[in-house]
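In this text, all values refer to a predicted model and were calculated from it rather than measured experimentally. Start at 1 with the first residue, then count along the sequence.
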Amino acid sequence: MPPRIAIVLPCYNEQEVLPSTARTLLALLDRFAADGIIAPDSYIMCSNDGSRDGTRSIIAALHSADPRVKGITLAHNRGQQAALLAGLMSVRERCDAAITIDADLQDNPEMMRRMIELFSRGTDIVYGVRSSRDSDSWFKRVSAQTFYRFQSAMGLQTVYNHADYRLMSRRALDILSQYGESNLYLRGIMPDIGLRTAVVEYARTERTAGESKYPLGKMLALSIDGITSFTAKPMRMIFLVGLSLLLIDVIVALWVLYVHLTHHTVTGWSSLMLSVWFLGSLILMSIGIVGEYIGKIFVEVKRRPRYNIEEEIF
């Protein structure tokens with residue numbers, strides 16, 4: 001029997017692209033159902049992350065025109081990761097597998113066919129991975145590569161050039177539901193789930209309308225969230241830097257003692273000021289890193305809901 005597939009779209013101010021995206025994906029579902037690789041009642045789930053434009057009313061209109069378009073609306077804007085999780089948890093018991101993809105469809109939706117084929121062969125998680133970044137600007141390409149390499153250096157296990165385009169089986173969704181942290185970083189959670197995985201490569205296209213919801217600032221924030229949610233390596237690095245500075249201090253102390261005993265004239269003002277500024281900056285940076293972890297502990301111990309669903313259209 002063909003699997004029932006749910007396509008989960010995180011939506012934030014996507015009124016420009018959502019109608020055309022829905023048409024494209026509905027046509028895709030029709031073709032896949034006609035080919036017998038998915039069940040006819042497969043559907044689209046739009047997870048509206050508290051959009052401030054007409055996204056909510058568009059989802060309702062699309063549902064009225066075709067019941068296969070369904071939706072949830074979060075009571076507040078909680079970020080893309082929370083919107084993704086809300087959509088996945090909403091479809092978890094109503095599908096055999098879920099595919100997440102951004103609403104702008106820059107990630108090639110035709111690759112869903114290959115994902116579903118791999119799922120039918122027993123794969124639980126299929127990652128959509130970009131084959132290249134030739135279509136990106138130089139700055140975007142360099143910043144993205146730095147993003148992944150920095151995460152790897154910090155000990156965070158992720159799939160290189162994979163964002164949030166993936167298929168998850170019902171079993172993988174059930175395991176994901178057991179992860180209760182408030183600081184969500186799904187790209188880091190996926191490898192931790194385990195199970196049988198596969199990769200599908202594709203070429204990314206330009207955004208047809210609207211604007212990117214992931215500028216550099218959000219990209220950096222996401223990277224920091226991922227690192228501090230999955231590894232304590234930055235705090236270990238603080239200790240190693242402190243140990244290195246202690247060794248340097250011993251050498252400097254020996255030099256100062258030598259100068260004192262040999263009665264050489266040393267002004268010392270420049271070296272002293274440089275040392276004070278350097279150590280002061282290092283201390284403040286170290287406090288900031290520790291503060292990131294303390295802040296995450298503060299959020300986690302309160303155990304507040306990660307999101308609240310205001311409306312569900314199913």
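Between the side chains of Ser177 and Asp174, no donor N or O sits under 3.5 Å from an acceptor N or O. With 3.5 Å as the limit, one finds a donor-acceptor pair spanning the side chains of Asp192 and Tyr179.
The line from CG of Asn48 to CD of Glu14 is 10.0 Å long, rounded to the nearest 0.5 Å. Distance check, rounded to the nearest 0.5 Å: CG of Leu9 to NZ of Lys70 gives 13.5 Å. Note that CD of Glu16 and OG1 of Thr21 are 11.0 Å apart. Values are rounded to the nearest 0.5 Å. With values rounded to the nearest 0.5 angstrom, Cys46 atom SG is found 10.0 Å from Ile58 atom CD1. A distance of 6.5 Å separates CZ in Arg113 from CZ in Arg31, rounded to the nearest 0.5 Å. Summarising the geometry, atom CG belonging to Leu84 is positioned 4.5 Å from atom CD belonging to Gln80; distances are rounded to the nearest 0.5 Å.
Salt bridge annotation for Glu201-Arg114: absent, with no cationic side-chain nitrogen under 4.0 angstrom from a carboxylate oxygen. A salt bridge links Arg56 with Glu311; the closest basic N to acidic carboxylate O contact falls under 4.0 Å.
Residues meeting the side chain to side chain donor-acceptor pair (under 3.5 Å) test with Asp30, sequence neighbours left out: Arg68. For the side chain to side chain donor-acceptor pair (under 3.5 Å) test, no residue two or more places apart in sequence or in another chain qualifies with Arg78. Here Asp124 pairs with Ser169, Arg171 under the side chain to side chain donor-acceptor pair (under 3.5 Å) rule; sequence neighbours left out.
In this structure the side chain of Val199 never reaches within 4.5 angstrom of the side chain of Val126, judged on heavy atoms. Contact annotation: the side chain of Ile99 never approaches that of Val8 to less than 4.5 Å [non-hydrogen atoms, C-beta and beyond]. Tyr127 has its side chain within reach of Thr197: a pair of non-hydrogen atoms, C-beta onward, lies under 4.5 Å apart. The shortest distance between side-chain heavy atoms of Arg52 and Asn77 does not fall below 4.5 Å. For the pair Phe32/Pro2, no side-chain contact is recorded, criterion being any heavy-atom separation below 4.5 Å from C-beta on. Inter-residue side-chain proximity for Ile72 and Ile59 is flagged as unmet; no heavy-atom pair is nearer than 4.5 Å. Contact check for Val129 versus Val200: no side-chain heavy atoms found under the 4.5 Å cut-off. Residues Leu105 and Val17 fail the side-chain proximity criterion, which asks for heavy atoms closer than 4.5 Å.
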Candidate pair Met168 and Met190, rule side-chain contact (heavy atoms from CB on, under 4.5 Å), full reasoning: CA-CA 9 Å; Met168 298 183 69; Met190 292 301 120; 3.7 Å; yes

Derivation of the salt bridge (charged side-chain N to carboxylate O under 4.0 Å, His left out) call for Arg4 and Asp41: CA-CA 7 Å; Arg4 189 186 191 198; Asp41 58 348; 3.4 Å; yes

Worked verdict on Leu167 versus Ile125 for side-chain contact (heavy atoms from CB on, under 4.5 Å): CA-CA 5 Å; Leu167 177 145; Ile125 301 176; over 6 Å; no

Ile313/Val69 under side-chain contact (heavy atoms from CB on, under 4.5 Å): CA gap, chis, key distance, verdict: CA-CA 9 Å; Ile313 303 173; Val69 179; over 6 Å; no

side-chain contact (heavy atoms from CB on, under 4.5 Å) assessment of Met115 paired with Leu118: CA-CA 5 Å; Met115 290 180 171; Leu118 290 168; 5.8 Å; no

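Of the possible polar contacts, one joining the Ser42 side chain to the Ile5 backbone as a donor-acceptor pair under 3.5 Å is found. Not a single donor-acceptor pair under 3.5 Å links the side chain of Asp107 to the backbone N or O of Tyr165. For Asp49 (side chain) and Cys11 (main-chain N/O), no donor-acceptor pair under 3.5 Å exists by modelled atom type. The backbone N or O of Ser51 lies less than 3.5 Å from no partner atom in the side chain of Thr55, so there is not a single donor-acceptor pair. The closest donor-acceptor contact from the side chain of Thr100 to the backbone of Asp164 lies under 3.5 Å. Formation of a donor-acceptor pair under 3.5 Å by the Thr73 side chain with backbone atoms of Glu310 is not found in this model.
The cationic group of Arg130 does not satisfy the cation-pi geometry with Tyr202, failing either the under 6.0 Å distance to the six-membered ring centre or the 45° limit from the ring axis.
Between Ile116 and Pro3, the shortest heavy-atom distance links the atoms CG2-CG, 4.4 Å. For Pro109 against Leu25, the heavy-atom pair with the smallest separation is CB-CD2, 4.1 Å. Across all their heavy atoms, Ser90 and Met45 have their closest contact at CB-CE, 4.4 Å. Heavy-atom minimum distance, Leu74 versus Ala83: CD1-CA, 4.0 Å. Across every non-hydrogen atom of Val91 and Ala98, the tightest pair is CG2-CB, 4.0 Å.
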